[in-house]
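The structure appears below as structure tokens.
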Amino acid sequence: MAKIDRINKVFDPNEAEPRLYNEWMSKGYFKPDETPGKEAFSIVMPPPNITGQLHMGHALDNTLQDILVRYKRMKGYSTLWVPGTDHASIATEAKIVEAMRKEGIFKEDIGREKFLERAWAWKEQYGGRIVEQLKKIGSSCDWSHERFTMDEGCSDAVKEVFVKYYNQGLIYRGERIINWCPHCLTSISNAEVEYEDQAGHFWHLRYPLEDGSGYVELATTRPETLLGDTAVAVNPKDERYKDIIGKMLILPLVGRKIPVVADDYVDIEFGTGVVKITPAHDPNDFEVGARHNLEIINVLTEDAKITEDYPKYAGMDRYEARKAIVKDLEEGGYLIKTEDYNHNVGTCYRCGTTIEPRVSLQWFVKMEELAKPAIEAVKDGRIKFVPERFEKNYFNWMNDIRDWCISRQLWWGHQIPAFYCDDCGEIVVTKDSEAVCPKCGKKMRQDPDTLDTWFSSALWPFSTLGWPEKTEDLKKFYPTDTLVTGYDIITFWVSRMIVAGMAHMDDVPFRDVLIHGLVRDSQGRKMSKSLGNGIDPLEIIEKSGADSLRFALVTGNAPGNDQRFQEDKIEMGRNFSNKIWNAMRFVIMNCEDDLDVSKADPSKFTLEDKWVLTGLNRLVSEATANFEKYEYGVALSKIVDFIWETFCDWYIEIAKSRLFDKECPTRLEAQYLLNYVLGVSMQLLHPFMPFVTEEVYSNLFLDGASESIMISDWPDADKIPSFPEDEKTMTILMSGIRSIRNIRAEMGVVPSRKAHVILVTADDTIAKTFTDGLPFLERLASVSSIDTQKDKAGIPATAVAAVFEGGEIYMPLEDLIDISKELERLAKEKEKIEGELKRVEGKLSNESFVSKAPEKVIAAEREKQAKYTEMYKSITDRIEILSKI
RNA sequence: GGGCGCUUAGCUCAGCUGGUCAGAGUACCUGCUUGACGUGCAGGGGGUCACAGGUUCGAGCCCUGUAGCGCCCACCA
């Protein structure tokens, strides 16, 4: 059976993709090449949460990483891509709690140990699922290096860091006002709060003075917190309230006596210039309270209900209480007026519940000092963001950094390695899993809280390489080279990794940060579960293959920009795969099974051979440059254009005459180049579309082919010959062919009818190119024969004309053509050329242009002028001749 | 309140350090059963590059301002 008969007519991704992936994996291609002397290249995968399944964001993120890694591997680096998953404490715990709730189980009922058993079972189930999904899109990561943020090594790193920071005084425990989620029942960090505008009200209240001399008016958006007011503040510079500073007020409904304090925090211009101070329920008030030593009265429970201390409102949630209190204030005559008011409200980024500022005992990381070297690393260019503009984003956050609240009232996560002695109050922070009180020798109780998920993610670039052990991996692969991630987690993750890298490794965690945007739906909306507008990458893969999906995600997109996901991009990818596949089939079809391409003789290369090689040479050097600059969208479109237009539409078509003529003396050279050029193209395309390219590559007849495209050497432009002169000649021939096609189409000349053509040109080289190129003309423009002459003598009036940059082409027609139609067409052509000519002449007649523009630019304009002048003359001549008939 | 981004053919988007940059795909119109592919081939129409100034010999590309949209950050009760 001939080779071609063993090749399917269409490429079937569902069959080929899993097969090829397993093959690559079993051959160990995803692992770093241990050959000595190879330079290392490494990246770590942003670990997907174990809560979910692959979504478009992951697909994009991993496609970009895979492109990068496959490119570097082919470039000859010993390449490591570390994959893994994140335990995602709050998100996972929420999911498990929710699942349990459906069964009627609450976590308090089963206890910590049983709960964690469930959580690990969850991890096994869903963590495994997402790994399988990552494989489906073709991720060439080293699965033998796979990690999990809560595995033994990562957990050890977490403890190491905690203890170290603690001993350095960079971690402390303290009672602060933090962001509390009444739904998740835990503290969250500043970064985890999302602000949104909400319509609300502004209630103007009057608080009576104790001495009965009147009242002060103030306004609040949260009247229910009045229960916890311990003062009212005014600005010390405010003349209006000078006299009441220090006086006491009677808190409405509660009857408590509270002082009027003076504090700069109060804005004289805003509202009435009087602010009620509730230190327990507002971060600003907390600070004011601290400055004035005010009592902190907590009036809300963990789930944001009024405490038992206020029997009338006890058990009401904050919104019910608000209504009730407003009603009571009104009835008591304390409410002056109510205004509509929009304000910014913080919400939990996980569940969307409005955050409740709450005073509680939490662990914090002091960030200011730690941030300094991290800021410096970006400032001095040791770390570069691509695109650069995101550095502003980073600096914005880092320059104004707050202490990081790292304790979470959750069970799923790294339990804080701090131990307390219930007897003497001693605190011990240690990596040991148990601790005994150094003072009273009693067994100590471990802090029940866990750490913020991002605390462990921050260590990812080195914890995954074995830190704190001094491993070979660390030595070889740290710092990693590029981090690929979305702009939405620069503050959460990127900044904290840089901080951690500088603090523990004394070096940057990565050199480049490649930032990508969001994948939105076709209408530009964020994909979300609630909108139900998400597109499942796995469905796309099932339908059209991973290559098509990857193509769609990369094509026509610039770094850092959001993109809309359009189904027709998938189709483009699928069509393109099909195009490549058929090009390969054509090539193989025209190669004998025992073909030995190494016997091809480069000295026999023809004009089109040299032309295609020149194009390939340029493509390799340009695309490589684009790869180096992370300009994947640009690289891809150049590669596609070359394959589709240069190779398929022109080179293959032209090569047909040589292939079909078994006696053709340069047939072997054509066969060689068809295989070679397609092979190199596949290598360039491989990072984008790994599967089809492997399949095509393996079928080609290549001299010195690698056993797999993915470990083949990246094409080197210096090894591909370039023939600029021949390229120019070929370009002219092509424009002649286009002219002929154009007149045929425009004049409605049936293409099947072979035509005789007369070329008028003064240039002998061009004349020869065309006569030699008759086979091309025959195949590509249905030309039966060609005459060349230097002037227009004897051109029949019944010929249609085309003017192109190499001269004029006439196609005499047997039947008299419609002269008016032809004149119309020529007039249109003339207009075009005239426009060009005018523009060029305008430039050249401009004194300052000629004197100031660079030599090269002027020369190019002059050349254009000469060309257009000639073309203009030709076309007006022709119009004149026809007009006389 | 500060910062950033976007506004280019009907649609979705590329356009690097200013001089073939006015492009691609798609949609549209006209042809094509040409021995790889109709998931294709050939030809064509379509944009004063949001608006107003400025710098320059020359500006989607640089500067200033305006408008619309989007995002990030920020303690104004």
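All heavy atoms count here, side chains included; hydrogens, waters and symmetry mates do not. All chains are named by letter (A, B, ...) in the order of the sequence lines, taking the proteins before the strands, and each is independently numbered beginning at 1.
For the OP1/OP2 pair of B:G40 and a distance below 4.0 Å, the side-chain nitrogens and oxygens of A:N575 include at least one atom meeting the criterion. For the pair A:K656 and B:A36, the criterion of a side-chain N or O lying under 4.0 Å from OP1 or OP2 is met. OP1 or OP2 of B:C37 has not a single side-chain nitrogen or oxygen of A:R585 nearer than 4.0 Å. Proximity of A:Y341 to the phosphate of B:A77: a side-chain N or O atom is located under 4.0 Å from OP1 or OP2. Side-chain nitrogen and oxygen atoms of A:N742 include at least one within less than 4.0 Å of the OP1 or OP2 phosphate oxygen of B:G44. For B:U12, one of the phosphate oxygens OP1 or OP2 lies less than 4.0 angstrom from a side-chain nitrogen or oxygen of A:R564. At B:C41, one or more side-chain N or O atoms of A:K579 fall inside 4.0 Å of OP1 or OP2 (strictly under the cut-off). The side chain of A:R741 contributes an N or O atom lying less than 4.0 Å from OP1 or OP2 of B:G43. Considering only side-chain N and O atoms, A:N393 lies nowhere under 4.0 angstrom from the phosphate OP1 or OP2 of B:C71. Under 4.0 angstrom from either OP1 or OP2 of B:A77 there lies no side-chain N or O belonging to A:W203. Listed pair A:R402 / B:C75 meets the phosphate criterion, a side-chain N or O lying under 4.0 Å from OP1 or OP2. The side chain of A:K276 contributes no N or O atom lying less than 4.0 Å from OP1 or OP2 of B:A77.
For the pair A:K579 and A:F647, the cation does not sit on the ring face, since its NZ or CZ is not both under 6.0 Å from the ring centre and inside 45° of the axis. For the pair A:R496 and A:W404, the cation sits on the ring face: its NZ or CZ lies under 6.0 Å from the ring centre, inside 45° of the axis. Cation-pi contact between A:K3 and A:F701: present, with separation from the ring centre below 6.0 Å and deviation from the ring axis of at most 45°.
To the nearest 0.5 Å, the span separating CD on A:E829 from NZ on A:K832 amounts to 5.0 Å.
Counting only heavy atoms from C-beta on, A:K629 has its side chain closest to B:C16 among B:U39, B:C73, B:C16. Of the listed nucleotides (B:A77, B:C57, B:A36), B:A77 has the atom at the smallest distance from the side chain of A:T221. Distances from the side chain of A:E746 to the nucleotides B:C37, B:C76, B:G43 place B:G43 closest. For A:I652, whose side chain is taken as the heavy atoms from C-beta onward, the closest listed nucleotide among B:A36, B:U39, B:C57 is B:A36. When distances are taken from the side chain of A:E653 to each of B:A14, B:A36, B:U39, the shortest belongs to B:A36. Relative to the side chain of A:F586, the nucleotides B:U26, B:C4, B:A36 differ in distance, and B:A36 lies closest. With B:A77, B:C57, B:G43 as the candidates, the nucleotide lying closest to the side chain of A:A745 is B:G43.
A gap of 33 Å separates the C1' atoms of B:C57 and B:C13, to the nearest Å. Taking atom P in both B:G15 and B:C21, the straight-line distance is 14 Å, to the nearest Å. One C1' atom belongs to B:G47, the other to B:C28, and the distance between them is 16 Å to the nearest Å. Nucleotides B:A59 and B:G18 are separated by 13 Å at their P atoms, to the nearest Å. To the nearest whole angstrom, the two P atoms, one in B:C6 and one in B:U17, are 12 Å apart. When the C1' atom is compared between B:U12 and B:G3, the two are found 28 Å apart, to the nearest whole Å. Nucleotides B:A77 and B:C61 are separated by 40 Å at their P atoms, to the nearest Å. One C1' atom belongs to B:G46, the other to B:G25, and the distance between them is 15 Å to the nearest Å.
In the model, A:D229 has a side-chain atom that pairs as donor or acceptor with a side-chain atom of A:Y207 under 3.5 Å. When only modelled atom types and interatomic distance are considered, A:E339 and A:H201 share no side-chain donor-acceptor pair under 3.5 Å.
Computed from coordinates, the A:D649 CG to B:A24 P distance equals 14 Å when rounded to whole Å.
Nucleotide B:A42 is matched to B:U30 when pairs are restricted to Watson-Crick or G-U wobble geometry with both distances under 3.5 angstrom. Applying the Watson-Crick and G-U wobble criteria (two distances, each under 3.5 Å), B:A14 pairs with nothing in any strand. Across all strands shown, B:G1 forms a Watson-Crick or G-U wobble pair, both distances under 3.5 Å, with B:C73. In this entry B:G65 has B:C51 as its Watson-Crick or G-U wobble partner, both defining distances falling under 3.5 Å.
Both A:Y487 and A:W644 lie close to RNA chain B; mapped to their nearest nucleotides by heavy-atom distance, the more 5′-ward contact belongs to A:W644. Residues A:F270 and A:S637 both approach RNA chain B. Their nearest nucleotides, taken by heavy-atom distance, put A:S637 toward the 5′ side.
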Apply side-chain hydrogen bond (donor to acceptor under 3.5 Å, both in side chains) to A:E196 and A:Q198, showing your working.
CA-CA 6 Å; A:E196 61 179 45; A:Q198 279 182 14; 3.2 Å; yes
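At a threshold of 4.0 Å, the pair A:K864-A:E861 counts as salt-bridged, since one of the basic side-chain nitrogens sits closer than that to a carboxylate oxygen.
The side-chain ring of A:F849 is not stacked on the base of B:G58, judged by centre separation under 5.5 angstrom and plane angle under 30 degrees.
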